[in-house]
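Basis for what follows: all heavy atoms, side chains included, without hydrogens, waters or symmetry-related copies.
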Amino acid sequence: MSQAATTVAQPPHDRIGSPGRPAAPGSDFAPLLRAVKGQELLERRTGWYALCIAADLAALAGVVTAMVFVGDTWWNLLLALPLAVLWTRTAFVGHDAGHSQITGDRTAARAIGLVHANVLLGMNEAWWNDKHVRHHANPNHIDKDPDVGVGALVWTQKQAAQREGFARRLTRNQAKLFFPMLLLEGIALKIYGFQFLRRQPARERLLCGSLLIAHLGLYATLLLTVMSPGKAAVFALVHHALFGLHLGMAFAPNHKGMEMPDPDGDRWGHLQRQVLTSRNVRGAVLTDWFLGGLNYQIEHHLFPSMPRPHLRLAQPLVKAHCAEIGMPYTETGLIESYRQALRHMHDVGEPLR
């Protein structure tokens, strides 16, 4: 690891998936949990979220108003950037609602998630939660984490060896193509959401499907009311490309290139499973805002229901605890985090070149 990244008390690794000394599941986590509870960091910040949601909705309304004011000109393309940024803020709120960070009322949390994901983004909240819950339960586990399953990209050389045809050529150059491919993520999220409807019960399918269609109708109505069809189509493509890029840049540094548990090895405890597979990104207020607080990925994985503004407050406790028990704690700068993720993708494709 380069000097730009830091780890706390990092023990030697005899193989991937077997870092440091083994620990009984949960035994090292209990003292940290008590310390976090003692500082009331798991208490919800409903008022803080209410202000954030109100500010985001007001900003969205402001951008829409500006689009109407600018009218049927190519200058409206400039507004695709702030709209993409605000859509990413909307996704962060939907993410937090799915983790019950905003409120303990499950009905209210579901409503917040449906509005922010299905209505405002056109992304199926049920699909996202199903995928994300499995990721949190077993991060970077090749058999259990959908985020490291075989898709457009692959994450192990074993996966790469099984690629054929166009997929094989893609894997050879996946590090170079990663950021360009993120430009398609905004559209892909909509497609995945509609595909997931087939797996949902009838009532859920009707609810989620209706809201997804409502999003498409509202979005198309806005663009076609303000712009000609040609300009509207270009705006939609640029907007979704920027949204996918921003969202991908927020999630990419979190786990790519970190430990991947050995599927055949000993079962890790909660602390090992979450800390060793996650990477924090250090930075000031701007970094925290740009990454939606997900730069405190270790703390978020250890305490998924912890409100976003408390993650940075929990970090000193987590770092000190990891140092005390000899657990690696990885933290790096933003650019270095991307470099490490891309290096991992490059190494995975190396045998195919």
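No donor-acceptor pair under 3.5 Å is formed between the side chain of N280 and the backbone N or O of E331. With hydrogens and angles ignored, the 3.5 Å screen pairs no side-chain donor or acceptor of Q159 with any backbone N or O of I142. A donor-acceptor contact shorter than 3.5 Å is absent between the side chain of H135 and the backbone of P146. With hydrogens and angles disregarded, no donor-acceptor distance shorter than 3.5 Å links the side chain of T90 to the backbone of H116. For R205 (side chain) and Q200 (main-chain N/O), a donor-acceptor pair under 3.5 Å exists by modelled atom type. No donor-acceptor pair under 3.5 Å is formed between the side chain of Q174 and the backbone N or O of L153. Remark: side-chain polar atoms of D145 are not paired, donor with acceptor, to backbone N or O of P139 under 3.5 angstrom. With hydrogens and angles ignored, the 3.5 Å screen pairs a side-chain donor or acceptor of N140 with a backbone N or O of E259. With Q39 contributing its side chain and V36 its backbone, the two residues share no donor-acceptor pair below 3.5 Å. The closest donor-acceptor contact from the side chain of N173 to the backbone of K176 lies at 3.5 Å or more, if one exists at all.
The aromatic ring centres of H300 and H310 sit 6.0 Å or more apart. Between F178 and Y338, the ring centre distance reaches or exceeds 6.0 Å. Taking the six-membered ring wherever Trp is involved, the centroid distance between the rings of F235 and H240 does not fall below 6.0 Å. Here the two rings, on H255 and H301, have centers that are under 6.0 Å apart. Proximity of the aromatic rings of Y219 and W87 is defined here by a centroid distance below 6.0 angstrom, and this criterion is met. A centroid separation of 6.0 Å or more is found between the aromatic rings of H321 and F29.
Both the sub-6.0 Å distance and the 45° axial angle are satisfied by R89 relative to the ring of W289.
Here the closest non-hydrogen pair linking A137 and Q274 is O-NE2, 4.4 Å.
Annotation: side chain of I325 is in contact with side chain of L271 (closest heavy-atom distance under 4.5 Å). The closest side-chain heavy-atom distance from I112 to D96 is not below 4.5 Å. The shortest distance between side-chain heavy atoms of W155 and V150 does not fall below 4.5 Å. When side chains are defined from C-beta on, W74 counts as touching L77, because their heavy atoms get closer than 4.5 Å.
By the 6.0 Å contact criterion, CZ on R353 is enclosed, its count of non-hydrogen atoms from other residues, nucleotides or ligands being greater than 12.
In summary, the side chains of H215 and K190 do present a donor paired with an acceptor at a separation below 3.5 Å, with no hydrogens or angles considered. Counted by atom type alone, Q315 and Y329 present one or more donor-acceptor pairs between their side chains at under 3.5 Å.
By the 30° and 60° cut-offs, the orientation of the rings of F92 relative to F251 is tilted.
Ionic pairing of R172 and E350 is not present here: no N-O contact between side-chain nitrogen and carboxylate oxygen is shorter than 4.0 angstrom. Checked for salt-bridge contact, R134 and D147 miss the test: no charged N lies under 4.0 Å from a carboxylate O. A salt bridge between R312 and D288 is absent, with no side-chain N of the basic residue lying under 4.0 Å from a carboxylate O of the acidic one. Ionic pairing of E204 and R110 is present here: one or more N-O contacts between side-chain nitrogen and carboxylate oxygen are shorter than 4.0 angstrom.
Here W127 contributes atom CH2 and D130 contributes atom CG; the two are 10.0 Å apart, rounded to the nearest 0.5 Å.
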**OP:** Any chance you could lay out the ring pair (Phe, Tyr, Trp, His ring centres under 6.0 Å) test for H99 and H132, step after step, and finish with the verdict?
**Re:** CA-CA 9 Å; H99 280 298; H132 201 58; 5.0 Å; yes

Subject >> Derivation and outcome, side chain to side chain donor-acceptor pair (under 3.5 Å), residues R279 and Q297 >> reply: CA-CA 6 Å; R279 175 193 295 110; Q297 188 68 194; over 6 Å; no

